[in-house]
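Labels below follow one simple rule: chain letters A, B, ... track the order of the sequence lines, proteins then strands, and each chain is numbered from 1.
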Protein chains: 2
Amino acid sequence: MSLVILIEDESRMRSLLDIQKQLVPDLIHIMRKRYDLMQSIRYLQPVGRRALAQNLQTTERILRAEVDLLKDWGLIHVSPIGMSCTEEGLQLLSNMESMADELFGFSDLAIQLERLLHINKVIVVAGDMDVSEWGKKELGRVGAALLKLHAEEDDVIAITGGSTIAAVSEHLTPSPHFRGVQFVPGRGGLGEKVELQANTLASIFAAKTGAQYRLLHVPDRLGPDAVQSLMGEEQVSEVLQLLKRSRVIMHGIGDAVAMAKRRKYTDLEISELTELGAVGEAFGYYFNAAGEIVHRMPTIGITLDNVRQADVVLSLAGGSSKAKAIMSFAKQSCQTVLITDEGAARAIVGQFRQARHPDAQLL
Amino acid sequence: MSLVILIEDESRMRSLLDIQKQLVPDLIHIMRKRYDLMQSIRYLQPVGRRALAQNLQTTERILRAEVDLLKDWGLIHVSPIGMSCTEEGLQLLSNMESMADELFGFSDLAIQLERLLHINKVIVVAGDMDVSEWGKKELGRVGAALLKLHAEEDDVIAITGGSTIAAVSEHLTPSPHFRGVQFVPGRGGLGEKVELQANTLASIFAAKTGAQYRLLHVPDRLGPDAVQSLMGEEQVSEVLQLLKRSRVIMHGIGDAVAMAKRRKYTDLEISELTELGAVGEAFGYYFNAAGEIVHRMPTIGITLDNVRQADVVLSLAGGSSKAKAIMSFAKQSCQTVLITDEGAARAIVGQFRQARHPDAQLL
DNA sequence: TAGTCCGGGACACTTGGTGTCCCTGGTAAT
DNA sequence: ATTACCAGGGACACCAAGTGTCCCGGACTA
């Protein structure tokens with residue numbers, strides 16, 4: 001019963017938060033800033049403006065505006081000896097602590113991941129795709145927003161297949177940013193369901209955004225000679241040229257075994273893969289935990305070198321089961337933005353914790 | 001059990017809202033504006049910018065900024081034939097409907113009350129003082145904020161006693177607005193507990209805000225001759241002069257019978273009061289439902305005429321049981337701002353509904 | 001007493017929001 | 001088919017609010 005309460009409880013607050021995230025998206029950032037400010041004041045009180053500004057890495061004037069507001073709502077008290085929290089402000093802080101994780105935990109997680117994985121930018125959304133459906137929705141929403149953010153006129157944007165990328169397509173809307181854009185599938189068929197294939201998604205992306213698309217018609221599981229002959233095909237080589245100069249790339253990261261099964265590898269092949277230590281997959285490459293390529297799908301399309309040359313690489317993967325896969329792909333160092341969910345993020349942090357000695361508590 | 005869920009649920013969302021109201025107070029207004037905008041679009045779709053701007057009483061440009069945002073988050077869709085809600089936007093609207101009452105209902109209530117009671121400005125806060133303790137806290141918080149808002153240097157501010165005004169005192173903080181201000185009790189002792197008397201509160205208000213205060217030392221229950229002689233006292237007449245020119249007045253409104261009981265009226269006197277139809281009390285005056293004065297405490301202090309001459313009258317009363325009392329005092333037409341809570345507000349609206357014929361559904 | 005902190009005031013500057021206009025394109029009615 | 005109207009989008013000048021920066025009077029401390 002208490003579980004029922006918790007779920008109901010969570011869901012209602014979550015839904016309020018969801019609404020606010022859609023209607024007033026920067027709310028959380030503002031709240032976070034004010035919260036940090038209050039906490040700093042509590043910690044340093046009584047403290048002066050200048051010292052505080054330095055502590056919070058901001059300018060004196062901008063801090064002053066915030067302080068004036070907080071003073072007006074009676075959350076802090078200013079006096080000639082410095083600023084301090086009022087009773088009410090302290091109350092507020094303690095009330096927030098119980099919610100801080102849900103409100104801000106994700107950005108903390110994101111910063112942790114940026115450090116642990118050596119990735120420029122990590123975005124963590126709420127939820128866990130392994131557990132709940134709306135986790136994938138949220139990931140799709142944020143992914144779509146970022147794609148729009150980075151897209152520029154006449155760009156070539158390469159995308160891969162997979163259910164995560166499909167989720168993005170549901171949240172795309174037309175925008176002038178997509179004018180003249182061409183969506184190009186990073187790979188031909190990879191033996192998956194058609195609605196999750198890169199070709200299909202490229203056309204959906206184009207339809208939703210009002211952009212153009214190209215298709216890469218190559219069967220999966222090619223023999224080496226077939227690869228050569230297909231490369232000669234004009235239709236194919238043209239697309240490969242486009243992929244080579246794609247400026248933005250959006251792709252999913254898969255769990256090695258799960259992907260292999262989905263692509264109907266034989267049991268023998270799968271056991272070979274696991275023997276090689278494959279844990280992650282992206283663009284048809286399979287990586288081990290060290291990030292080394294241990295296997296490559298026998299087909300043609302975008303190469304890791306192409307990916308490394310792109311300006312923007314949006315990597316999407318969510319769900320705690322994807323933790324190791326994400327970690328293996330992060331080693332490729334061809335990644336500018338990782339978009340993941342809380343479940344995967346916590347699992348990754350957990351992996352790192354486990355890897356260290358138990359006494360390594362700090363940092 | 002479902003009740004338990006509801007309460008838990010409510011409280012958690014409420015606490016999030018409370019936090020946001022303290023940390024980002026204008027958030028709700030922004031949400032409300034966007035919500036109205038979305039609803040208008042849904043209602044009028046497909047609709048153009050100019051038509052919409054006219055409908056929403058705003059300029060074209062400012063609406064355009066909002067529309068651009070909503071378009072970017074994918075909540076609305078813009079096309080050459082006009083704007084319309086996307087699937088996601090419709091989803092959001094329906095999600096919000098279940099919460100709209102809690103989020104915005106109060107301002108709607110406030111507008112209704114302004115019309116029904118013919119009061120310039122009504123503010124409705126969440127909760128019901130009769131039911132929950134935090135209702136009074138909220139009322140006090142808002143009351144304190146409004147007092148600070150209206151206070152000006154060297155003002156004379158008259159206040160009365162009562163638990164509601166006492167609640168205000170707990171949320172007062174020093175501010176330059178209160179420089180040179182004098183807090184003056186509107187009445188001497190009225191036979192209540194000392195911590196709720198106007199004298200006590202005046203001193204607390206002064207202490208909390210860093211202002212000055214005066215005291216009005218007159219016993220309650222004076223005979224007519226004692227009144228005359230006291231009026232002659234210099235200490236007393238001086239305070240009465242101050243009261244006469246008080247620019248801001250903050251007072252509570254009481255239920256007639258409850259106040260009489262608290263002031264230890266005899267059963268006979270109380271039944272006389274009820275026979276006279278007394279329902280409301282303020283400043284020691286007792287009013288019937290029509291707003292006529294049916295009884296007056298035999299003591300001296302601020303008069304209704306003084307109140308009518310004030311620039312700002314902040315009337316506070318909360319709890320559904322206060323509905324009739326608030327309505328009776330509203331008839332005095334010496335009121336600029338009424339601060340009440342959801343419970344009282346809904347009860348008042350209910351009273352008006354009941355008073356009409358059942359077929360009077362519109363308006 | 002001198003130095004160093006405090007908050008608050010002042011002021012110029014810049015940026016972003018805003019009012020206003022026009023343009024092109026699509027739709028619908030003639 | 002043509003025309004007239006309304007759609008969204010672009011442009012641009014303008015104003016105000018936010019911002020960087022400096023200084024001042026006061027209080028505490030060494």
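- Using a 4.0 Å cut-off between charged side-chain N and carboxylate O, Glu170(B) and Lys208(B) make no salt bridge.
- With no hydrogens or angles considered, no side-chain donor-acceptor pair links Glu60(B) and Gln54(B) at under 3.5 Å.
- When the side-chain hydrogen bond (donor to acceptor under 3.5 Å, both in side chains) test is applied to Glu66(B), the partners found at least two apart in sequence or on another chain are Arg34(B).
- Remark: Ile111(B) pairs with Arg115(B) by the side chain to side chain contact (heavy atoms under 4.5 Å, CB included) rule, at least two apart or across chains.
- Within residues 76-84 of chain B, the residues having any heavy atom under 4.0 Å from DNA chain C are, by residue number, Pro80(B), Ile81(B).
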Name each donor-acceptor pair under 3.5 Å that joins a side chain in residues 73-83 of chain A to protein atoms two or more places apart or in another chain, with its distance.
from	atom 1	to	atom 2	distance (Å)
Trp73(A)	NE1	Gln22(B)	O	3.3
Ser79(A)	OG	Ile81(A)	N	3.4
Ser79(A)	OG	Gly82(A)	O	3.3

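- Among residues at least two apart or in separate chains, salt bridge (charged side-chain N to carboxylate O under 4.0 Å, His left out) pairs with a member in residues 35-46 of chain A are Arg32(A)-Asp36(A), Arg42(A)-Glu97(A).
- Atom-to-atom, CZ of Arg50(A) to P of dT4(C) comes out at 14 Å; the value is rounded to the nearest Å.
- The CZ atom of Arg179(A) sits 15 Å away from the P atom of dT24(C) (whole-angstrom rounding).
- Note: CD (Glu66(A)) to P (dG8(C)) measures 16 Å, nearest angstrom.
- Val67(B) comes within 4.0 angstrom of nothing in the nucleic acid, heavy atoms only.
- For residues 147-156 of chain A, the salt bridge (charged side-chain N to carboxylate O under 4.0 Å, His left out) pairs, not counting sequence neighbours, are Glu152(A)-Arg247(A), Asp155(A)-Arg247(A).
- Every residue was checked against the side chain to side chain contact (heavy atoms under 4.5 Å, CB included) condition with Leu149(A), not counting sequence neighbours, and none meets it.
- In this view, Arg64(B) satisfies the side-chain hydrogen bond (donor to acceptor under 3.5 Å, both in side chains) rule with no residue, not counting sequence neighbours.
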Show me the protein contacts with nucleotides 11-18 of chain C, counting only N or O atoms at under 3.5 Å.
none

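- Counting only residues at least two apart or in different chains, ring-ring contact (aromatic ring centres under 6.0 Å, His included) contacts with residues 16-41 of chain B comprise Tyr35(B)-Phe104(B).
- Atom CG of Asp72(A) and atom P of dG8(C) are 11 Å apart (whole Å).
- We find that CZ of Arg49(B) is positioned 14 Å from C1' of dG25(C), with the value rounded to whole Å.
- Taking 4.0 Å as the cutoff to heavy atoms of chain B, we find the contact window on DNA chain D bounded by dA7(D) to dA11(D).
- The salt bridge (charged side-chain N to carboxylate O under 4.0 Å, His left out) pairs that include a residue from residues 70-90 of chain B are Asp68(B)-Lys71(B), where partners are two or more places apart or lie in different chains.
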